[in-house]
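Remarks on the structure that follows.
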Amino acid sequence: MFACCDASRPDGATDAGHSEDEWETIDLPESANQMNVLFNFLHHPPDILTSPEPTSETKPPDFTRVAQNAIPEHAIPFPLLPILFGLADKYVFTPDFTDRLHSHLAVYASIYPLRVYGYAVTLGLPRIAAEASMHLLYPPLTSYSAEEMRAVPTAEAYHKLVLLHDLRTKRLREILEETEIFPHGYGECHRHGHRTRNLWDTRKRAVSSGIQAGKKLFGFVVTWG
């Protein structure tokens with residue numbers, strides 16, 4: 001990118017004795033702060049925040065395996081990530097650098113799920129988008145403002161999010177309905193076993209019918225992944 005600055009410079013010439021018009025220049029629209037962020041990232045690239053699980057060439061890195069209960073101290077601050085994503089696209093970062101950015105985005109999935117989901121969809125990162133979507137089960141999507149929902153880039157992305165919620169809700173219902181209180185008869189009371197089973201079946205049908213994404217049931221929040 002910077003080679004054009006030297007394209008018209010005579011061999012062995014220096015800046016002394018030459019006007020600025022003699023050399024080609026590059027006009028960069030980025031601010032000094034943005035360029036500082038760019039050069040710091042390129043000269044001191046952060047580590048990829050992934051688990052130690054090895055990955056093969058046929059299996060893309062699973063950045064969602066980063067622990068979500070704490071943000072590493074050396075993680076790129078979240079407000080800087082959109083700036084770096086824009087610079088990465090403009091200046092065509094190599095995969096080594098983009099993978100680092102994607103891994104740092106993944107660690108914020110539980111803190112800024114809606115925005116992470118929007119960035120992941122825009123960048124074509126389905127695993128990170130799926131991870132972020134799990135943290136959008138509660139509170140429900142209806143609790144977000146119109147301004148916040150603009151983080152979702154397209155109607156199709158919003159539709160996929162709704163479908164994911166519906167799929168998880170149905171799957172949780174299936175698991176609950178298929179669960180036995182005494183699998184294989186273990187722990188069953190021979191005196192009250194039949195009565196206990198009937199009570200359990202009645203209760204789990206009532207709970208199953210009330211399961212919805214983002215709804216609290218008996219003090220617990222249904223956030224099935």
Side-chain angles (χ1 to χ4, degrees), residues 1-7 20 23-53 55 60-137 139 141 143-161 164:
M1 180 180 70
F2 297 105
C4 71
C5 293
D6 298 323
E20 293 183 1
W23 317 122
E24 293 186 44
T25 60
I26 298 176
D27 293 324
L28 300 178
E30 287 81 18
S31 66
N33 288 336
Q34 289 176 320
M35 295 307 297
N36 185 49
V37 170
L38 171 63
F39 290 134
N40 277 331
F41 179 80
L42 295 177
H43 289 291
H44 307 285
D47 295 331
I48 290 183
L49 303 180
T50 60
S51 69
E53 180 186 20
T55 56
D62 187 359
F63 298 134
T64 64
R65 295 184 63 83
V66 181
Q68 299 292 326
N69 57 353
I71 301 300
E73 292 183 0
H74 57 288
I76 299 174
F78 189 75
L80 294 182
L81 287 174
I83 297 174
L84 285 169
F85 287 137
L87 295 171
D89 180 65
K90 178 177 180 179
Y91 294 114
V92 195
F93 283 13
T94 62
D96 176 59
F97 287 107
T98 55
D99 284 350
R100 294 170 191 270
L101 283 178
H102 298 164
S103 73
H104 284 250
L105 175 67
V107 301
Y108 292 102
S110 63
I111 300 178
Y112 306 108
L114 191 63
R115 294 177 64 185
V116 170
Y117 176 78
Y119 290 140
V121 170
T122 301
L123 296 168
L125 305 172
R127 291 191 180 193
I128 298 178
E131 171 70 16
S133 73
M134 289 193 294
H135 298 283
L136 288 170
L137 286 169
L141 294 176
S143 66
Y144 289 90
S145 66
E147 180 66 26
E148 290 173 318
M149 288 306 300
R150 290 190 179 95
V152 181
T154 63
E156 181 182 2
Y158 178 80
H159 185 236
K160 287 182 178 180
L161 188 58
L164 278 171

| query | Do L81 and Y119 have side chains that get closer than 4.5 Å, going by heavy atoms? | reply | no

| said: Using the rule given for side chain to side chain contact (heavy atoms under 4.5 Å, CB included), can you reason through I76 versus F41, listing the C-alpha separation, both sets of side-chain angles and the distance that settles it, and then say yes or no? | reply: CA-CA 10 Å; I76 299 174; F41 179 80; 4.0 Å; yes

| With a 4.5 Å heavy-atom cut-off, do E30 and Y91 have their side chains touching? | yes

| query | Could you state the interatomic distance from CG (L87) to CE (M35), rounded to the nearest 0.5 Å? | reply | 7.5 Å

| S103 to R100 - nearest heavy-atom pair and separation | OG-O, 2.8 Å

| So which heavy atom on L114 is nearest to which on A151, and how close? | O-CB, 4.0 Å

| said: Can you tell me how the ring of F85 sits relative to the ring of H102, calling it parallel under 30°, perpendicular over 60° and tilted otherwise? | reply: tilted

| request: Indicate yes or no for a side-chain donor-acceptor contact from N36 to the backbone of A32 under 3.5 Å, with no hydrogens or angles considered. | output: no

| To the nearest 0.5 Å, what is the distance between CG (D96) and CD1 (I48)? | 6.0 Å

| Closest non-hydrogen atom pair, A129 against A120 | N-CB, 3.5 Å

| task | Report the distance from atom CG of L136 to atom CD of E131, rounding to the nearest 0.5 Å. | result | 10.5 Å

| message | Could you check whether any side-chain heavy atom of M149 comes within less than 4.5 Å of a side-chain heavy atom of Y158, counting everything from C-beta outward? | response | yes

| note | Taken to the nearest 0.5 Å, the spacing of L80 CG from L38 CG works out to 12.0 Å

| request: Output yes when a side-chain donor or acceptor of H135 lies under 3.5 Å from a complementary backbone atom of P113, and no otherwise. | output: no

| query | Taking atom CZ of F78 as the centre, does the number of heavy atoms from other residues, nucleotides or ligands within less than 6.0 Å exceed 12? | reply | yes

| request: Give, for atom CG of L105 and atom CZ of R115, the distance between the pair rounded to the nearest 0.5 Å. | output: 10.5 Å

| said: Go through it in stages, so that I can follow the logic: the residues are E156 and K160, the test is salt bridge (Lys or Arg N to Asp or Glu O under 4.0 Å), and I'd like the CA-CA distance, side-chain angles, deciding distance and then a yes or no. | reply: CA-CA 6 Å; E156 181 182 2; K160 287 182 178 180; 3.8 Å; yes

| said: If I take atom CZ from residue F93 and atom CG from residue D99, how far apart are they, to the nearest 0.5 angstrom? | reply: 13.0 Å

| said: Counting C-beta onward and ignoring hydrogens, is there a side-chain heavy-atom pair between Q34 and V37 closer than 4.5 Å? | reply: no

| query | Is there a side-chain contact between V121 and Y117 (heavy atoms, below 4.5 Å)? | reply | yes

